[in-house]
K.L.:
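What follows is a single structure, and I will ask about it in a moment.
We count ligands from 1, going down the list as the structure has it; atoms in each ligand are counted the same way. All figures in this text were calculated on a predicted structure; none of them were measured in a lab.
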Amino acid sequence: MPISRIVTALSQHGYCVVSRFFFAESAELRATLLQAWQTGGLTRAAVGQGPARQVRDAVRGDYVRWLEPSADPAIQSYFQAMETLRVAINRELFMGLFDYEAHFALYPPGAFYQKHRDGFVGDKRRKVSCVLYLNDDWQPHQGGALRLYTPAGNIDISPQAGTLACFLSDDMWHEVLPATRERLSITGWFKIRGV
Ligand code: OGA
Ligand code: MN
């Protein structure tokens, strides 16, 4: 799907799902993520910000590692793809997206992320959420869908390697359903400048 169609879908529906958006290097990204996981390089994700920040098993069960754009070639190339998307969104939708931040995420079997939106209380800089999935040969019976609560009904997205899900961070309620196998992804946000 060309970038302009992604941007149009995002503005018309508040979300867009693209299979094989970033497929060629997804095996490399998966290997890098698993390597970090096996060497203790991921930490339990928290919810909230500042003094309100805490790990809450009942809300989310994933492990994360923030990414440096300068890391390995596959990560660099993913940041470049996101930069192209950022510029296209700004050109078409005048959103003033300024920055991008992203982390690896790993959900162990059974882990989930309850229904939520991505803005923090008091910090609405996150405007567009983008999730790239890294799971080889994901089967529907394994669970782990990203469920988007759109005005037109619920959409379940299978976390298949190479698939990109993007949506408006302020508006879109969403949740991660538990899976029977490890679920790997890169989750990132385009942000506007702080006020
Ligand atoms: C998140 C999130 C969705 C997914 O990390 O905020 O909603 O499909 N992730 O992993
Ligand atoms: Mn989210």
Side-chain angles (χ1 to χ4, degrees), residues 6 9-10 13-23 26 29-30 32-34 36-37 42-49 52-67 75 78 82 85 97 99-136 138-140 142-150 154-192:
I6 301 176
L10 195 58
H13 308 297
Y15 75 95
C16 185
V17 183
V18 192
S19 55
R20 298 181 82 90
F21 173 81
F22 194 84
F23 186 70
S26 65
L29 292 175
R30 175 166 61 247
T32 306
L33 168 42
L34 283 174
W37 171 242
L42 275 71
T43 52
R44 276 285 280 114
V47 294
Q49 234 185 0
R53 193 183 137 83
Q54 52 179 321
V55 171
R56 290 181 60 192
D57 295 337
V59 177
R60 69 185 291 192
D62 57 328
Y63 290 74
V64 301
R65 179 189 184 86
W66 289 95
L67 296 179
I75 293 174
Y78 185 61
M82 290 293 102
L85 182 56
L97 304 177
D99 203 5
Y100 174 70
E101 62 183 11
H103 60 55
F104 277 139
L106 186 148
Y107 289 73
F112 56 85
Y113 195 156
Q114 269 192 358
K115 188 174 174 182
H116 67 282
R117 287 183 298 187
D118 282 348
F120 292 110
V121 175
D123 178 359
K124 298 295 174 204
R125 283 176 299 165
R126 290 177 168 181
K127 290 297 162 197
V128 179
S129 309
C130 297
V131 193
L132 176 76
Y133 299 105
L134 302 175
N135 309 291
D136 193 30
W138 194 274
Q139 301 295 323
Q142 294 169 328
L146 167 64
R147 177 165 293 168
L148 299 181
Y149 292 85
T150 85
N154 299 352
I155 312 266
D156 282 359
I157 298 152
S158 177
Q160 195 67 51
T163 296
L164 179 80
C166 51
F167 52 89
L168 299 178
S169 310
D170 291 328
D171 300 344
M172 190 64 75
W173 288 92
H174 59 282
E175 83 176 289
V176 177
L177 302 177
T180 55
R181 61 181 262 201
E182 282 176 352
R183 178 188 189 276
L184 280 52
S185 60
I186 295 179
T187 305
W189 295 272
F190 292 118
K191 299 164 73 172
I192 57 169

K.L.:
With rounding to the nearest 0.5 Å, note down the distance linking CG in L148 to CH2 in W173.
P.N.:
13.5 Å
K.L.:
Using a strict 4.0 Å cut-off to heavy atoms of D118, name the atoms of ligand 1 that fall inside it.
P.N.:
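Near D118, the atoms of ligand 1 are 6 (O).
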K.L.:
Using a 4.0 Å heavy-atom cut-off, say whether H174 meets ligand 1 through its side chain, its backbone, both or neither.
P.N.:
side chain
K.L.:
Would you mind running through ligand 1 and noting each atom that sits below 4.0 Å from a heavy atom of T187?
P.N.:
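Heavy-atom distances to T187 below 4.0 Å select 5 (O).
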K.L.:
Flag the pair R117 and D170 as a salt bridge only when some basic side-chain nitrogen lies within less than 4.0 angstrom of an acidic carboxylate oxygen.
P.N.:
no
K.L.:
Nearest protein heavy atom to atom 3 (C) of ligand 1, by residue and atom, and its distance?
P.N.:
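Result for atom 3 (C) of ligand 1: V176 CG2, 3.5 Å.
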K.L.:
Among the heavy atoms of R183, does any lie under 4.0 Å from an atom of ligand 1?
P.N.:
yes
K.L.:
In terms of atom number and element, which parts of ligand 1 are under 4.0 angstrom from non-hydrogen atoms of Y133?
P.N.:
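Answer, ordered by atom number: 4 (C), 8 (O).
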K.L.:
Angle class for the Y100/Y78 ring planes (parallel below 30°, perpendicular above 60°, tilted otherwise)?
P.N.:
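Correct class here is perpendicular.
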K.L.:
Do the ring planes of W189 and H103 sit parallel (below 30°), tilted (30 to 60°) or perpendicular (above 60°)?
P.N.:
perpendicular
K.L.:
Could you tell me whether the side chain of R44 and the main chain of R60 form a donor-acceptor pair under 3.5 Å?
P.N.:
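Side chain of R44 to backbone of R60, a donor-acceptor pair under 3.5 Å: yes, one is there.
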K.L.:
Describe, in one word, how the ring planes of H13 and Y15 are oriented to each other, choosing from parallel (under 30°), tilted (30 to 60°) and perpendicular (over 60°).
P.N.:
tilted
K.L.:
Using distance alone, determine whether H116 and ligand 1 share an N or O pair under 3.5 Å.
P.N.:
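Yes, since at least one N or O of H116 sits under 3.5 Å from an N or O of ligand 1.
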K.L.:
Would you mind running through ligand 1 and noting each atom that sits below 4.0 Å from a heavy atom of Y113?
P.N.:
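Counting atoms of ligand 1 from 1, those under 4.0 Å from Y113 are 1 (C), 5 (O), 6 (O).
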K.L.:
Name whichever N, O or S atom of D118 ends up nearest to the Mn ion (ligand 2).
P.N.:
OD1
K.L.:
For the pair R53 (side chain) and V47 (backbone), establish whether a donor and an acceptor sit closer than 3.5 Å, ignoring hydrogens and angles.
P.N.:
no
K.L.:
Using only N, O or S atoms, tell me which atom of H116 is closest to the Mn ion (ligand 2).
P.N.:
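This residue's closest N, O or S atom turns out to be NE2.
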